[in-house]
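Treat the numbers as computed from the prediction; the structure is a model and nothing was measured.
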Amino acid sequence: MKEIYEKEYVLTDMHSNAFGRAKPAALLALAQDIAGEHATLLSDSWEGLQKKHLFWAVSRHRLEIFCPPRTGETLLLRTWPMVTTRVAYPRAVEGYRKDGTLLFRVVSLWILMDTESRSLVLPGKGGLTINGCNRGTEGPLPISLSPGHYENQAVRTVVYSDLDRNQHMNNTRYLDWIEDLMPLAFHRDHYLTSCMICYHQELLPDQALSLSWQLREGGLFSLDGHLTNSAVEKRIFSAQIQYAPVVL
């Protein structure tokens, strides 16, 4: 079995923003796709895990974009599992142009969840063993983000198109929600260079989320998302993103 798994993807309009650059959420989706394929080869399929009352979920993402891919480009993605931690299965994904240029990289923390209790299943408890390696080219593992309350507020509700087949909000949709907070002109003049997203609890159909956010001078964006109308304030996800000006 290959320790490193490779696959080519062609970026289409479906992956692109209004300015022909790959949407950061689309890059996370590609990383999720290749990670899922490789995990199936190394362990079990989604259907097989369901029979064991298990499913994979992402608890944290770190995305770094060195050169934004554009519509029509063919990307070579490489992925491999990193060394398992006490609670998670880290995974690295790198995206290259055909000439070998490194365009972006992702490090994700994957966890096993119980389909019935919706609780964490620790490595070694779910009957899955994935032998990972740290090759030295990976970015750092994503870390936790401290809670924050920021000057801007918005509310979003989980709708049908946000869901994946685990029937909760797909992790890539959070980044779409974040980018929807900024106007078109901002995205015309800026691109995302790095982001870290922490998923503290899963978000289910029809749940409403209060988004507290701030974009500081220099392009640093921070956000905290909490459930609305909850007796106990539940922190659902948090993010820290760095944007840089587009150089024409």
**Student:** Is it true that a side-chain atom of Q153 and a backbone atom of W213 form a donor plus acceptor pair closer than 3.5 Å?
**Tutor:**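 Between the backbone of W213 and the side chain of Q153 there is no qualifying donor-acceptor contact (under 3.5 Å).
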
**Student:** Output yes when a side-chain donor or acceptor of R60 lies under 3.5 Å from a complementary backbone atom of L109, and no otherwise.
**Tutor:**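 No, because the side chain of R60 does not come within donor-acceptor range (under 3.5 Å) of the backbone of L109.
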
**Student:** Where do L30 and Y9 come nearest, in terms of heavy atoms and distance?
**Tutor:**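 Smallest heavy-atom distance, with atoms named: CD2-CD2, 3.5 Å.
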
**Student:** What about the rings of H61 and Y199, do their centers lie closer together than 6.0 Å?
**Tutor:**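 Between Y199 and H61, which both carry aromatic rings, the centre distance is below 6.0 Å.
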
**Student:** Strictly distance-based, threshold 3.5 Å: is any side-chain N or O of T71 a donor or acceptor partner for the main-chain N or O of G20?
**Tutor:**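 Judged by distance alone, yes, a pair lies under 3.5 Å.
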
**Student:** Closer than 3.5 angstrom, by distance alone: can the side chain of R105 be matched with the main-chain N or O of T137 as a donor-acceptor pair?
**Tutor:**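 Judged by distance alone, yes, a pair lies under 3.5 Å.
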
**Student:** Give me the atom names and distance for the closest heavy-atom approach of A92 to T79.
**Tutor:**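 Closest approach of A92 to T79: O-OG1, 2.8 Å.
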
**Student:** Centre-to-centre under 6.0 Å for W80 and Y5, is that the case here?
**Tutor:**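 So the answer is no for these two rings.
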
**Student:** Under the criterion side-chain hydrogen bond (donor to acceptor under 3.5 Å, both in side chains), I'd like the reasoning laid out for R21 against H187: C-alpha separation, chi angles, the key distance, then a yes or no.
**Tutor:** CA-CA 10 Å; R21 300 188 298 270; H187 292 296; over 6 Å; no

**Student:** Near Q167 CD, under 6.0 Å, is it more than 12 heavy atoms from other residues, nucleotides or ligands?
**Tutor:**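 Not more than 12 within 6.0 Å, no.
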
**Student:** L192 and L175: which non-hydrogen atoms are nearest, and at how many Å?
**Tutor:**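 Looking at all heavy atoms of both residues, the closest pair is CD1-CD1, 4.2 Å.
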
**Student:** Hey, mind stepping through E73 and R97 against salt bridge (Lys or Arg N to Asp or Glu O under 4.0 Å) and telling me if it holds?
**Tutor:** CA-CA 8 Å; E73 287 196 89; R97 191 174 279 139; 2.6 Å; yes

**Student:** Listed by chain and number, what are the ring pair (Phe, Tyr, Trp, His ring centres under 6.0 Å) partners of H226, not counting sequence neighbours?
**Tutor:**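 For H226, the residues satisfying ring pair (Phe, Tyr, Trp, His ring centres under 6.0 Å) (neighbours in sequence not counted) are H149.
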
**Student:** Should the pair W110 and W56 be assigned to parallel (<30°), tilted (30 to 60°) or perpendicular (>60°) ring geometry?
**Tutor:**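 The rings of W110 and W56 stand perpendicular, inter-plane angle above 60°.
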
**Student:** Decide, yes or no, whether a salt bridge links R165 with E47 under the criterion of side-chain N to carboxylate O below 4.0 Å.
**Tutor:**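 Yes.
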
**Student:** Using the rule given for salt bridge (Lys or Arg N to Asp or Glu O under 4.0 Å), can you reason through D180 versus R156, listing the C-alpha separation, both sets of side-chain angles and the distance that settles it, and then say yes or no?
**Tutor:** CA-CA 11 Å; D180 284 345; R156 287 286 295 259; 3.2 Å; yes

**Student:** What is the minimum heavy-atom distance between R235 and L145, and which atoms define it?
**Tutor:**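 For R235 versus L145, the nearest heavy atoms are NH2-O, 2.9 Å.
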
**Student:** Are more than 12 heavy atoms from other residues, nucleotides or ligands located less than 6.0 Å from atom NZ of K7?
**Tutor:**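 It does: K7 NZ has more than 12 such atoms within range.
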
**Student:** Salt bridge check: are R78 and E94 linked by an N-O gap of less than 4.0 Å?
**Tutor:**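 No salt bridge links R78 with E94.
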
**Student:** Y243 vs F186 aromatic rings, parallel, tilted or perpendicular, using cut-offs 30° and 60°?
**Tutor:**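 Plane angle over 60°, so perpendicular.
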
**Student:** Is the shortest distance from a Lys or Arg side-chain nitrogen in R173 or D164 to a carboxylate oxygen in the other one below 4.0 Å?
**Tutor:**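 Salt bridge between R173 and D164, a charged N being under 4.0 Å from a carboxylate O: no.
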
**Student:** So, does N166 use its side chain to make a donor-acceptor pair with the main chain of H168 at under 3.5 Å?
**Tutor:**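 Checking the backbone N and O of H168 against the side chain of N166, no donor-acceptor pair under 3.5 Å is found.
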
**Student:** Please give me the minimum heavy-atom distance between S222 and R216, naming the atom from each residue.
**Tutor:**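 Looking at all heavy atoms of both residues, the closest pair is OG-NH1, 3.0 Å.
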
**Student:** If we ignore hydrogens and angles and just use 3.5 Å, is the side chain of D99 paired with the main-chain N or O of T101 as donor and acceptor?
**Tutor:**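 Answer holds: yes.
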
**Student:** Has S212 got a side-chain atom pairing as donor or acceptor with D224's backbone, closer than 3.5 angstrom?
**Tutor:**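 Checked: no pair found.
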
**Student:** Just by distance, with hydrogens left out, do N171 and Q32 show a side-chain donor and acceptor under 3.5 Å apart?
**Tutor:**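 On atom types as modelled, these side chains qualify, holding a pair under 3.5 Å.
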
